[in-house]
Amino acid sequence: MQTDSYVIQVNGSPVHPKVLDVHVNIQRQNSIEKIKNRKPRWAVRASEMSKKTFNPIRAIVDSMKAKPHPDKPMIALSIGDPTVFGNLPTDDEVVRAMKDAIDSQKYNGYAPSIGYQSSREVIAKYYTCPEAPLEAKDVILTSGCSQAIELALAVLANPGQNILVPRPGFSLYKTLALSLGVEVKLYNLNPEKSWEIDLKHMESLVDDKTACIIINNPSNPCGSVFSKKHLQKILAVASRQCVPILADEIYGDMVFEYGAFQALAPLSTNVPILSCGGLAKRWLVPGWRMGWILVHDRKDIFGKEIREGLVRLSQRILGPCTIVQGALDHIMKRTPQHFYENTINFIKSNSDLCYNTLSSVPGLCPVRPAGAMYLMVGIDMEHFPEFESDVDFTERMISEQSVFCLPATCFEYPNYFRVVLTVPGEMMVEACRRIHEFCAEHYQGGDSAQDLECDK
């Protein structure tokens with residue numbers, strides 16, 4: 001294509017001539033012919049964002065080809081869904097709240113993208129405290145805690161920046177970050193210290209491109225619960241480095257010792273925190289997809305920009321289910337305390353059973369959990385030389401014993417596997433028996449006594 005330039009003078013004085021500088025595009029005949037001769041072709045390609053999205057758990061699990069033993073019913077200790085076996089139903093009051101919301105016919109339309117004002121007030125009142133006061137304006141309702149984490153990451157981090165993530169840790173953090181073009185730096189947890197953070201290692205990873213630190217407490221996959229003292233040390237690191245915190249507290253209050261859970265925000269004097277939570281685990285309704293972000297920013301470090309950014313990001317899908325929003329007031333006020341206690345007592349009973357049984361198995365080293373729904377088990381691979389990795393170990397356990405545990409490679413922590421503690425009690429007994437049998441069959445070296453050094 002040729003561009004010709006013309007200068008045209010219009011009536012004007014010699015001092016101030018009126019001049020139009022006109023650039024005219026003239027299409028030559030050959031250019032027109034090229035357009036006419038262009039042959040349309042399909043060229044549909046997946047987006048770069050979709051190509052960068054990667055779920056480590058799915059990649060590993062989908063690559064496992066083992067089939068369960070035909071004579072042994074499958075026991076899946078791999079699924080972090082407390083409802084899957086039907087033994088942990090939600091409370092009747094929670095169900096009644098949903099029925100009432102539906103019958104009211106008040107919640108059939110669109111809500112504001114961040115949630116109804118009245119529903120956000122419910123969450124604010126439930127979690128507010130003198131040390132970390134909350135109002136409705138500090139609450140963003142989301143489609144589950146997963147979306148809360150996604151929005152929090154998206155508002156804090158730009159492509160080319162990095163975030164600090166626990167190892168072992170929930171794989172979704174990495175999945176979301178990589179899809180956004182954000183680098184993931186892994187800080188270590190110490191199994192010998194009940195999975196406390198290696199604070200020196202964490203702080204050493206901070207640089208001028210660090211957008212936030214993710215703190216998951218209580219932990220998936222570890223089942224650990226941080227003490228108040230340890231949380232204060234975490235906040236000290238964040239304060240020194242001037243880095244905000246994304247607190248994943250979806251398992252908040254799901255702890256085995258009453259009062260052991262300490263939310264992070266009430267301990268902070270200056271570190272801004274986006275705390276993510278939801279109904280999924282404590283109320284045993286993960287499919288209802290109700291989560292929230294609590295914005296804690298008493299020093300106004302986030303300011304308007306982060307809050308407005310969260311609102312804009314929430315407008316992409318117009319918020320979570322309106323019926324669940326309508327049920328929140330009833331759920332938060334009328335769910336009886338004994339429901340929470342019964343759930344915790346059940347999980348703790350399975351935890352004690354699993355820990356005590358596997359502690360006596362040669363070659364295994366379980367780490368006692370303090371909350372959430374999980375237990376991590378170390379494998380002394382030297383005593384299982386026929387297995388190349390924890391993935392190989394757990395895959396063979398499926399084919400020989402029909403017990404499926406996630407290899408901790410899924411959580412960036414090889415030579416461990418994770419046990420989900422929400423299965424029925426008799427199933428947990430049988431699963432532990434089979435794991436014991438499997439290890440006895442394949443263990444090599446030493447005597448029958450447990451010779452793997454670990455904190456029991």
Side-chain angles (χ1 to χ4, degrees), residues 46-56 59 140 142 145-189 197-217 219-220 233-250 264-265 268 270-277 291 293-317 411-413:
S47 69
E48 289 304 309
M49 182 179 183
S50 70
K51 292 177 182 178
K52 290 186 290 188
T53 301
F54 172 76
N55 187 321
I140 306 287
T142 63
C145 187
S146 295
Q147 197 210 8
I149 295 168
E150 179 185 26
L151 295 185
L153 282 177
V155 81
L156 292 175
N158 285 309
Q161 289 188 289
N162 64 72
I163 61 172
L164 307 191
V165 171
R167 175 174 53 198
F170 185 36
S171 63
L172 183 68
Y173 309 140
K174 183 176 182 178
T175 298
L176 294 174
L178 294 182
S179 72
L180 295 169
V182 175
E183 180 188 358
V184 172
K185 292 185 174 183
L186 302 171
Y187 63 81
N188 293 328
L189 307 183
I197 297 171
D198 182 338
L199 295 170
K200 288 183 178 180
H201 180 238
M202 183 176 78
E203 189 162 13
S204 73
L205 298 175
V206 177
D207 60 25
D208 58 1
K209 292 185 178 181
T210 301
C212 72
I213 302 171
I214 295 183
I215 303 297
N216 178 208
N217 179 51
S219 166
N220 174 15
K233 291 180 179 179
I234 294 168
L235 286 167
V237 171
S239 179
R240 280 196 301 272
Q241 299 296 333
C242 298
V243 178
I245 287 177
L246 191 169
D248 179 359
E249 299 180 326
I250 185 63
L264 189 60
S268 175
N270 66 324
V271 177
I273 297 169
L274 297 181
S275 175
C276 300
I293 300 172
L294 309 180
V295 182
H296 295 280
D297 187 29
R298 278 168 290 166
K299 297 295 185 181
D300 202 32
I301 295 170
F302 283 150
K304 289 184 178 180
E305 186 168 321
I306 295 299
R307 292 174 184 271
E308 291 175 354
L310 286 169
V311 173
R312 287 193 295 269
L313 288 169
S314 73
Q315 292 168 348
R316 294 187 301 171
I317 68 165
F411 310 108
E412 308 280 355
Y413 210 77

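The side-chain hydrogen bond (donor to acceptor under 3.5 Å, both in side chains) check on Arg167 picks up Asn188, with sequence neighbours excluded. Applying the side-chain hydrogen bond (donor to acceptor under 3.5 Å, both in side chains) test to Gln147 and every residue at least two apart in sequence or in another chain returns nothing. Remark: Asp248 engages Tyr173 in a side-chain hydrogen bond (donor to acceptor under 3.5 Å, both in side chains) (not counting sequence neighbours). Remark: Arg312 engages no residue in a side-chain hydrogen bond (donor to acceptor under 3.5 Å, both in side chains) (not counting sequence neighbours).
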Applying side-chain contact (heavy atoms from CB on, under 4.5 Å), run through Lys174 and Val165 and close with a yes or a no.
CA-CA 8 Å; Lys174 183 176 182 178; Val165 171; 6.0 Å; no

Could you walk me through whether Leu274 and Leu151 pass the side-chain contact (heavy atoms from CB on, under 4.5 Å) test, one step at a time?
CA-CA 10 Å; Leu274 297 181; Leu151 295 185; over 6 Å; no

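From Ile163, atom CD1 reaches atom CD1 of Ile214 across 4.0 Å, with rounding to the nearest 0.5 Å. Between Glu308 atom CD and Leu313 atom CG the span is 12.0 Å, to the nearest 0.5 Å. For the atom pair CD1 of Ile140 and CG of Leu310, the computed distance is 5.0 Å after rounding to the nearest 0.5 Å. Atom CD1 of Ile215 sits about 8.5 Å away from atom CG of Leu164, to the nearest 0.5 Å.
Nearest heavy-atom pair across Asn216 and Ser219 is OD1-CA, 3.5 Å. Smallest separation of non-hydrogen atoms from Ala177 and Leu153: N-CD1, 4.4 Å. Closest approach of Ile273 and Ser268 over heavy atoms only: CD1-CB, 3.9 Å. For the residue pair Ser275 and His296, the shortest heavy atom distance occurs at CB-CD2, 4.2 Å. Considering all non-hydrogen atoms of both residues, Ala46 and Lys51 come closest at O-CE, 3.5 Å.
For NZ of Lys299, the number of neighbouring non-hydrogen atoms (other residues, nucleotides, ligands) closer than 6.0 Å is 12 at most. Counting non-hydrogen atoms of neighbouring residues, nucleotides and ligands closer than 6.0 angstrom, the NZ atom of Lys200 reaches no more than 12 such neighbours.
Panel note: side chain Thr175, backbone Phe54; a donor-acceptor pair is recorded below 3.5 Å. A side-chain donor-acceptor contact under 3.5 Å links Asp297 to the backbone of Gly303.
Counting heavy atoms from C-beta on, the side chains of Phe302 and Leu156 come closer than 4.5 Å. Tyr413 places none of its side-chain heavy atoms less than 4.5 Å from the side chain of Leu189. By the 4.5 Å heavy-atom criterion applied to side chains, Ile250 and Cys276 are not counted as neighbours. In this structure, Ile306 and Val295 have side chains that are not in contact, with every pair of non-hydrogen atoms separated by 4.5 Å or more. No side-chain heavy atom of Ser146 sits less than 4.5 Å from a side-chain heavy atom of Ile149.
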Under 3.5 Å, which donor-acceptor pairs link side chains of residues 178-186 to any protein atom two or more places apart or in another chain?
unit_1	atom_1	unit_2	atom_2	d
Ser179	OG	Leu176	O	2.7
Lys185	NZ	Leu205	O	3.0
Lys185	NZ	Asp207	OD2	2.8

List the atom pairs, with distances to 0.1 Å, where a side-chain N or O of residues 233-244 and a protein N or O form a donor-acceptor pair under 3.5 Å, not counting sequence neighbours.
unit_1	atom_1	unit_2	atom_2	d
Ser239	OG	Asn270	OD1	3.4
Ser239	OG	Asn270	ND2	3.0
Arg240	NE	Glu203	OE2	3.1
Arg240	NH2	Glu203	OE1	2.8
Gln241	NE2	Glu203	OE2	2.8

